[in-house]
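Heads up: the structure comes next, in structure tokens.
These numbers were taken from a predicted model, which means no experiment stands behind them. No hydrogens, no waters, no symmetry mates; every other heavy atom, side chains included, goes into these values.
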Amino acid sequence: MNADRANAGRANESRADEGQASEGRADAGRASADRVNLEKANADQRTRQSPSASASPSPPAYGTGAGTGAGTGSGDRNPSVRVRRFWSVRRVPAGIVALVIAAVAGLLLYDVAAVRSGRSAMRWRDWLAQQLATRPLDDAWVMGGAGLLAVLGVWMVVLALTPGLRGLLPMRPPKAGVEGAAGGGGSGAGAVVRAGIDRASAGLVLRDRAMEVPGVRAARVDVGRRRIRARALAHFRDLDEVRADLDAALHEGIRQLGLARRPALSVHVRRPAKSKR
């Protein structure tokens with residue numbers, strides 16, 4: 001009898017221990033689940049607070065202004081940064097002018113030194129001195145020579161003050177975000193990127209655009225600094241329809257070129273001349 005009671009007591013104690021152990025495992029599972037949920041909530045909160053690279057709008061491509069559509073030039077005509085023209089180095093003209101001046105000055109200095117040493121002056125200096133001494137100031141040759149020298153001096157001053165490179169059209173710089181990404185955060189991160197396109201190359205690009213318009217048989221595009229002239233031959237379709245499509249295609253092509261100043265566009269479409277046989 002006592003043995004049965006002892007066995008029953010040990011069985012009850014083992015069942016109680018198993019129940020406590022199962023309750024402990026359940027509590028540990030609930031605690032781990034709460035910890036995982038708390039970590040997920042914190043991660044979601046940090047994600048909402050920090051700017052996401054995937055959610056941020058991608059920077060516009062080079063040459064495309066923000067908010068500008070096809071045929072609209074609001075962003076193209078009023079760029080945020082004023083773009084200046086490229087300056088020509090002019091090494092060859094400057095070198096030629098320097099060599100000519102050095103040669104004339106050296107020859108004159110040699111002749112003056114020769115006269116000081118007792119020799120006779122050169123014939124060209126005697127002739128020039130005689131002409132300047134005998135001819136009046138209102139002589140045609142004197143007036144013509146003075147005018148030529150004045151025009152030459154003004155022309156050289158204009159060349160020195162103008163940028164030159166008229167065949168190179170400046171393009172719009174990229175946005176500030178693109179500049180920072182391109183600079184990589186280094187010393188050149190704030191440097192302004194400058195680019196340009198040759199007028200002949202721009203004309204070829206726009207000509208290819210014009211040839212893609214249905215009805216255009218031949219096209220020629222002349223790109224100037226302030227105006228673009230397009231002439232096309234249409235061998236089918238109505239001329240007004242071809243002109244409208246060509247105007248839209250060229251406007252889109254000019255917008256995609258990304259020029260700092262959008263030139264005006266003039267489009268002329270006509271039928272090819274009939275050949276006489």
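Other members of the cluster containing Leu99 do not exist, because no ILVMFWY side chain is joined to it at under 4.5 Å. When hydrophobic side chains of Ile, Leu, Val, Met, Phe, Trp and Tyr are connected at separations under 4.5 Å, Val158 ends up clustered with Val154. Clustering of Ile, Leu, Val, Met, Phe, Trp and Tyr by side-chain heavy atoms under 4.5 Å joins Leu152 with Val97, Ile101, Trp155, Met156, Leu159.
Across all non-hydrogen atoms, the minimal contact from Gly203 to Val221 is O-CB, 3.9 Å. Minimum heavy-atom separation, Arg227 to Pro263: N-CB, 3.7 Å. Among all heavy-atom pairs drawn from Asp198 and Gly167, the shortest one is OD1-O, 3.3 Å. Across every non-hydrogen atom of Val142 and Pro136, the tightest pair is CG2-O, 3.6 Å. What you find for Leu206 and Ile254 is that their closest heavy atoms are CD2-N, 3.9 Å. The two residues Pro170 and Leu168 come nearest to each other via the heavy atoms CD-O, 3.7 Å.
Judged as a side chain to side chain donor-acceptor pair (under 3.5 Å), and not counting sequence neighbours, the contacts of Arg243 are Asp240. Among residues two or more places apart in sequence or in another chain, the side chain to side chain contact (heavy atoms under 4.5 Å, CB included) test is passed with Trp141 by Arg135, Asp139. Taking Leu107 as the reference, Met122, Trp124 meet the side chain to side chain contact (heavy atoms under 4.5 Å, CB included) condition, with sequence neighbours excluded. Residues satisfying the side chain to side chain donor-acceptor pair (under 3.5 Å) test with Arg217, not counting sequence neighbours, are none. Evaluation of the salt bridge (Lys or Arg N to Asp or Glu O under 4.0 Å) rule for Asp138 yields no partner, not counting sequence neighbours. In this structure, the side chain to side chain contact (heavy atoms under 4.5 Å, CB included) partners of Ala234, at least two apart in sequence or on a different chain, are Leu239, Val242, Val269, Arg271. Scanning for side chain to side chain contact (heavy atoms under 4.5 Å, CB included) contacts around Ala121 gives Asp111, Val115, Arg125, Asp126, with sequence neighbours left out. Partners of Arg209 according to the salt bridge (Lys or Arg N to Asp or Glu O under 4.0 Å) rule, which considers only residues two or more places apart in sequence or in another chain, do not exist here.
The local environment of CZ in Arg166 is sparse, with at most 12 non-hydrogen atoms from other residues, nucleotides or ligands closer than 6.0 Å. The environment of CH2 in Trp87 is crowded: more than 12 heavy-atom neighbours from other residues, nucleotides or ligands sit within 6.0 Å.
To the nearest 0.5 Å, atom NE2 of residue His251 and atom CG of residue Leu246 are 10.5 Å apart. One finds the CZ atom of Arg119 at 5.5 Å from the OH atom of Tyr110 (value rounded to the nearest 0.5 Å).
Taking 4.5 Å as the limit, some side-chain heavy atom of Arg199 sits within range of a side-chain heavy atom of Leu169. Within the 4.5 Å cutoff, the side chain of Met171 has no heavy atoms near those of the Leu257 side chain. Residues Arg172 and Leu259 are not in side-chain contact: their nearest non-hydrogen atoms beyond the backbone lie 4.5 Å or more apart. Here the side chains of Arg225 and Arg261 are not in contact, with every heavy-atom distance at 4.5 Å or above. For the pair Ile228/Leu250, no side-chain contact is recorded, criterion being any heavy-atom separation below 4.5 Å from C-beta on.
Taking hydrophobic clusters as Ile, Leu, Val, Met, Phe, Trp and Tyr residues chained together by side-chain heavy-atom distances below 4.5 Å, Met211 shares a cluster with Leu265. A single hydrophobic cluster is not seen to contain both Leu148 and Met143; linkage of ILVMFWY side chains at heavy-atom distances under 4.5 Å, directly or through other members, places them apart.
The side-chain hydrogen bond (donor to acceptor under 3.5 Å, both in side chains) contacts involving residues 228-237 comprise Asp222-Arg231, Arg237-Asp245, where partners must be two or more places apart or lie in separate chains.
A donor-acceptor pair is defined here as one N or O able to donate and one able to accept, closer than 3.5 Å; such a pair exists between the side chain of Thr134 and the backbone of Gln130.
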